[in-house]
Trainee: 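I am attaching a structure below and will ask some questions about it afterwards.
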Amino acid sequence: MYITAMIIAQVSLFLSIILSWIAGNKASTLLYSRSEEHLNRNARTLKRWAIVLSVPAAGVIVAVIMMLASSKPIFWADRLLLLPLAAIPPFMLWIMTIPRLRRIRQATGRKLMSPLDVRLRGRSAQPAVVLPYQLSTLCSLTGLYLLLTSTMPSSLFGIVIPLLVLAVAALGLWMSHLNRSSRIGLTGIEPVNRPWRRLMGRSAIVFAAAAIAYFPFLSLKNDSLLPVTLAMSSGTIDYGIGSKTVAHQHGGEPASNHATKPKISVDTLTGPVNGEPAVRFTLTAETKTIALSSGKEVEAWTFNGQTPGPELRVRQGQLVEVTLINKNIKTGATLHWHGLDVPNAEDGIAGVTQNAVMPGESYTYRFVAKQAGTYWYHSHQESMEAVQRGLFGPLIVEPAKGLPAGTKDINVISHIWQGAGFAIGTNDGIEQIRIAPGTPVRLRLVNTDDWVRQSYRLVGTPFQVAAIDGTDVIQPGDLSNVSLKLTTGGRYDVTFIMPETPVYLAVGAGKAGDKLGLLMSASGEAAVPALKSSFPLTAEFDPLHYGKPAETQFDANSSFDREFKLVLDNKLGFYNGELGFHYTMNGKLFPDTPMFMVKEGELVKMTIVNRGSVDHPMHLHGHHMLVLSRNGVQATGSPWWSDTLDVTPGDVFEVGFIADNPGIWMDHCHNLAHAAVGMSMHLMYEGVDSPYKIGSGTVNRPE
Ligand code: C2O
Ligand code: CU
């Protein structure tokens, strides 16, 4: 509903600009009507334009208000200003313009062909006749500008300036119309229609306005450039709100004391330094041309010559050692363990927990795999390009006691290859897999795309969603005719017992699923089922009430030490010198978004609100978030722990986490294309510092 209301508002404002511009031109030339008959006819046309502009506007205003009425004020409070902007011009058209046009028509009703009385011309040029049309254009323009550029929390400056410009322009037009109409009335001199002069005058005004606007434009552009070097620990801080924090601030330690405390470097927050690892892997990053199953070729970035990279399969509790060697990835590489909560120094973030590993260099990560589940690894240096090109792979942590005997365990990694389209790993068609009936099957769905919430349909058997983002679901119920949607970066583990008959996992929505998927059967040679008839889609899987509730360390009723608000939005503006429609967090882009500051041991609540127009998979490093509620509805199923949470437009999620993993942790949108243009911030622990820097003067570009 929210997104529909926003689209309606934007499109209507845009249409209003165009239509009122046309009507405004007609209105400002009304006085040049050749005869009374013409004036009469032109006034009628203008009256129609007034109706066209005002009646739909009123309808749109009422519709948008009704659509937004049920949503929280955070979605509309700062946009209330748009209401008068949208309502005043139609209102003026009704009470000022239409009655005057009617009187002009009455005065011109009889002597049709007679030449036009000069006083009638004066009346046709009155501000009350002409200005409302033009005000309509100006107000719609200002409204659209504010809608596209201002975000929560909005800056006063960003609102006052456009309103001032609007007021000056309206006043200028009003004076010029008044001046013109009274001059005609007083002097009785016939006005001469000079369209060319008018056009030139208007062009001059537009040109002058553009020239004036150029300087703030340029300074905004320059201000947005990323600094040469930047430490993550610098920048503005959001301490959140919370009873304990406030009490602490009143009676607690003085700030000076706090500042002189020695800082802990992220370098010291490592996994076990000593000890023989239970498993060792070496991943060599290198470029390589790979072929998809269709024969299409991709200039990929690979680990050990393959993409997805080798499966890293370990057991829960094992000490894992992975060495990254960068052979020839010019921009550098790192390894980040997506979803696995490792110590901060092992998190693999260029410029935050290490320097990017440049060609010829290597780097070793050591950590204990504490959680069992489905994870993935990827480079976190220029992560958008790295992941798009293939620097990623599956990381599977089996439970300490192993999987059920005989389990057929299959990784299903959905990826878009640039220029080659969708694939499951490198299979861009239908893969036949032979599985004996009675076999327990586990499909580990991982979505490594950008942009796309991938759709999956499992045909031929009921199934369970056994795990979400690596965490087991308690007593997952049987599902059938339910489609799964997986956000970018997220994971679902799907389990079932292989039946006698074939089972098809369709990857992709609608018809796309006919051409991409896994076809499992006893023979390994089955026919693809007709999805349309065999899959009467009833619903989309929703984790909010799925599975059996269980005791957790905290829940929605706990008292939280700190509460943060994270508002996601769109904004037309600059990021690193590039003008675009960017995605903001709390109204700002990286690195201006205030970091969230916590203390080790605190229980933290975060309310994530999406006011934007697209969904954002929010990924917090180093921690798992427990979903408490969505849009006011409490989570009642198996505890829903997420590391990559899909927040769609209009959504309000309340999540909680325990600050039990000190360090500096990225918190960003895992649509990596969004992160690459500033949709990234970090969670900071008090007293932690990093010796690494990012910025144009370094090699480190985490996103
Ligand atoms: Cu999968 Cu910060 O990333
Ligand atoms: Cu996003």
Side-chain angles (χ1 to χ4, degrees), residues 338-339 371-376 394-399 403-404 407-414 424 435 439-449 452-499 503-509 513 517-518 520 535-550 552 615 617 619 624-627 630 633-648 653 655 670:
H338 184 113
Q371 309 137 266
T374 306
Y375 305 96
W376 59 299
L395 167 61
I396 309 300
V397 186
E398 291 185 355
L403 293 167
T407 298
K408 179 83 179 167
D409 199 346
I410 305 171
N411 299 323
V412 184
I413 301 178
S414 167
I424 302 166
I435 302 177
T439 308
V441 180
R442 189 175 199 103
L443 303 176
R444 298 178 185 267
L445 312 183
V446 184
N447 182 1
T448 63
D449 303 336
V452 184
R453 287 167 83 205
Q454 190 54 284
S455 297
Y456 307 83
R457 282 163 289 174
L458 192 72
V459 188
T461 176
F463 62 95
Q464 303 88 36
V465 174
I468 299 172
D469 284 356
T471 306
D472 280 348
V473 172
I474 298 163
Q475 288 187 18
D478 272 354
L479 301 166
S480 41
N481 288 334
V482 171
S483 71
L484 303 174
K485 285 245 165 71
L486 192 54
T487 195
T488 59
R491 286 94 57 218
Y492 282 150
D493 287 19
V494 168
T495 54
F496 59 91
I497 302 291
M498 185 65 196
V503 173
Y504 180 55
L505 175 77
V507 179
L518 297 184
M520 295 155 272
F535 203 81
L537 208 62
T538 47
E540 189 180 306
F541 173 67
D542 181 1
L544 200 63
H545 308 299
Y546 184 65
K548 187 172 163 261
T552 39
D615 56 315
H619 175 49
H624 272 69
M625 308 176 275
L626 178 66
V627 175
R630 183 185 61 206
V633 183
Q634 289 234 343
T636 56
S638 167
W640 177 9
W641 292 95
S642 174
D643 54 59
T644 317
L645 185 65
D646 191 19
V647 188
T648 63
F653 270 100
V655 299
H670 218 282

Trainee: Side chains of F653 and V627, heavy atoms from C-beta outward: is any pair under 4.5 Å?
Mentor: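 Result yes, sub-4.5 Å side-chain heavy-atom pair found.
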Trainee: After noting the C-alpha distance and the side-chain angles of Y546 and V465, does the key distance pass the side-chain contact (heavy atoms from CB on, under 4.5 Å) rule?
Mentor: CA-CA 9 Å; Y546 184 65; V465 174; 3.9 Å; yes
Trainee: Is any side-chain heavy atom of L486 closer than 4.5 Å to one of R453?
Mentor: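 No - every pair of side-chain heavy atoms lies 4.5 Å or more apart.
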Trainee: Nearest 0.5 Å, please: how far is CG in L479 from CZ in F496?
Mentor: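 Between F496 CZ and L479 CG, I get 13.0 Å after rounding to 0.5 Å.
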Trainee: Look at D643 together with R491 and state whether they make a salt bridge at an N to O cut-off of under 4.0 Å.
Mentor: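 A salt bridge is present here (some side-chain N lies under 4.0 Å from a carboxylate O).
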Trainee: Could you tell me whether the side chain of T374 reaches within less than 4.5 Å of the side chain of I396, counting heavy atoms only?
Mentor: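 Yes, side chains in contact.
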Trainee: Go through F541 and Y492 one step at a time and tell me if the ring pair (Phe, Tyr, Trp, His ring centres under 6.0 Å) criterion holds.
Mentor: CA-CA 11 Å; F541 173 67; Y492 282 150; 5.5 Å; yes
Trainee: Can you check side-chain contact (heavy atoms from CB on, under 4.5 Å) on H624 and T471, steps first, answer last?
Mentor: CA-CA 9 Å; H624 272 69; T471 306; 4.2 Å; yes
Trainee: If you round to the nearest 0.5 Å, how far is OG1 of T644 from CE of M625?
Mentor: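 M625 CE to T644 OG1: 7.0 Å, rounded to 0.5 Å.
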Trainee: About how many Å separate CG of L443 and CD1 of I410, when rounded to the nearest 0.5 Å?
Mentor: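 It comes to 5.5 Å.
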Trainee: Check salt bridge (charged side-chain N to carboxylate O under 4.0 Å, His left out) between D493 and all other residues, then give those that pass, not counting sequence neighbours.
Mentor: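 If we apply the salt bridge (charged side-chain N to carboxylate O under 4.0 Å, His left out) test to D493, skipping adjacent residues, the hits are R442, R444.
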Trainee: Of the non-hydrogen atoms in H545 and T636, which two are nearest, and what is the gap between them?
Mentor: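 It is ND1-OG1, 2.7 Å.
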Trainee: Test ring pair (Phe, Tyr, Trp, His ring centres under 6.0 Å) on H670 and W376; report intermediate values, then the result.
Mentor: CA-CA 13 Å; H670 218 282; W376 59 299; 5.6 Å; yes
Trainee: For R457 and E540: C-alpha separation, side-chain torsions, deciding distance, then whether salt bridge (charged side-chain N to carboxylate O under 4.0 Å, His left out) applies.
Mentor: CA-CA 10 Å; R457 282 163 289 174; E540 189 180 306; over 6 Å; no
Trainee: Do N447 side-chain atoms and V452 backbone N/O form a donor-acceptor pair below 3.5 Å?
Mentor: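 Present.
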Trainee: Is S638 reaching over with its side chain to a backbone N or O of I474, donor-acceptor style, under 3.5 angstrom?
Mentor: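 Yes, because the side chain of S638 sits within donor-acceptor range (under 3.5 Å) of the backbone of I474.
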Trainee: Write down the atom of S642, the atom of D469, and the distance for their closest heavy-atom approach.
Mentor: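 Answer, listing the atom of S642 first, then D469: OG-OD2, 2.9 Å.
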Trainee: I need the minimum non-hydrogen distance between L403 and P399, along with the two atoms involved.
Mentor: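 Scanning both residues completely, I find the closest heavy atoms to be CD2-CD, 3.9 Å.
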Trainee: Grab the two heavy atoms, one from T487 and one from P617, that are nearest each other, plus how far apart they are.
Mentor: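 That would be OG1-CB, 3.1 Å.
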Trainee: Are Q454 and L445 close enough that some pair of their side-chain heavy atoms sits under 4.5 Å apart?
Mentor: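 Answer no - side chains too far apart.
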Trainee: Compute whether any side-chain donor of one residue and acceptor of the other, for D449 and T488, lie under 3.5 angstrom apart.
Mentor: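 No pair is found: no donor N or O on one side chain lies under 3.5 Å from an acceptor on the other.
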Trainee: Would you say that D478 contacts T461 through its side chain, given a criterion of any heavy-atom pair below 4.5 Å between the two side chains?
Mentor: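 D478 vs T461: side chains apart.
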Trainee: For R630, give me all partners under salt bridge (charged side-chain N to carboxylate O under 4.0 Å, His left out), at least two apart in sequence or on another chain.
Mentor: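 Once residues adjacent in sequence are excluded, the partners of R630 under the salt bridge (charged side-chain N to carboxylate O under 4.0 Å, His left out) criterion are D542.
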Trainee: First locate atom CG of L505, then atom OH of Y456, and finally report the distance between them rounded to the nearest 0.5 Å.
Mentor: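 L505 atom CG to Y456 atom OH measures 8.0 Å (nearest 0.5 Å).
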Trainee: Are the side chains of L626 and V655 in contact, using a 4.5 Å heavy-atom criterion?
Mentor: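 Contact flag for V655/L626 side chains = no.
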Trainee: Closest heavy-atom contact between G513 and A506?
Mentor: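 Scanning both residues completely, I find the closest heavy atoms to be O-CB, 3.4 Å.
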Trainee: With a 4.5 Å heavy-atom cut-off, do F463 and L484 have their side chains touching?
Mentor: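 Yes, their side chains come closer than 4.5 Å.
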Trainee: Could you walk me through whether V459 and V503 satisfy the side-chain contact (heavy atoms from CB on, under 4.5 Å) test, starting with their C-alpha distance in whole Å, then the side-chain angles of each, then the deciding distance to 0.1 Å, before giving a yes or no?
Mentor: CA-CA 6 Å; V459 188; V503 173; over 6 Å; no
Trainee: Do V441 and I435 have side chains that approach each other closer than 4.5 Å (heavy atoms only, starting at C-beta)?
Mentor: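 Touching, per the 4.5 Å side-chain cut-off.
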Trainee: Show your reasoning for whether side-chain contact (heavy atoms from CB on, under 4.5 Å) applies to H338 and V446.
Mentor: CA-CA 11 Å; H338 184 113; V446 184; over 6 Å; no
Trainee: Name all residues meeting the side-chain hydrogen bond (donor to acceptor under 3.5 Å, both in side chains) criterion together with T495; count only those two or more places apart in sequence or in a different chain, and write none if there are none.
Mentor: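 T495 satisfies side-chain hydrogen bond (donor to acceptor under 3.5 Å, both in side chains) with Q464 once adjacent residues are dropped.
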Trainee: Closest approach of P476 and A466, non-hydrogen atoms and distance?
Mentor: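 Shortest heavy-atom contact: CG-CA, 4.2 Å.
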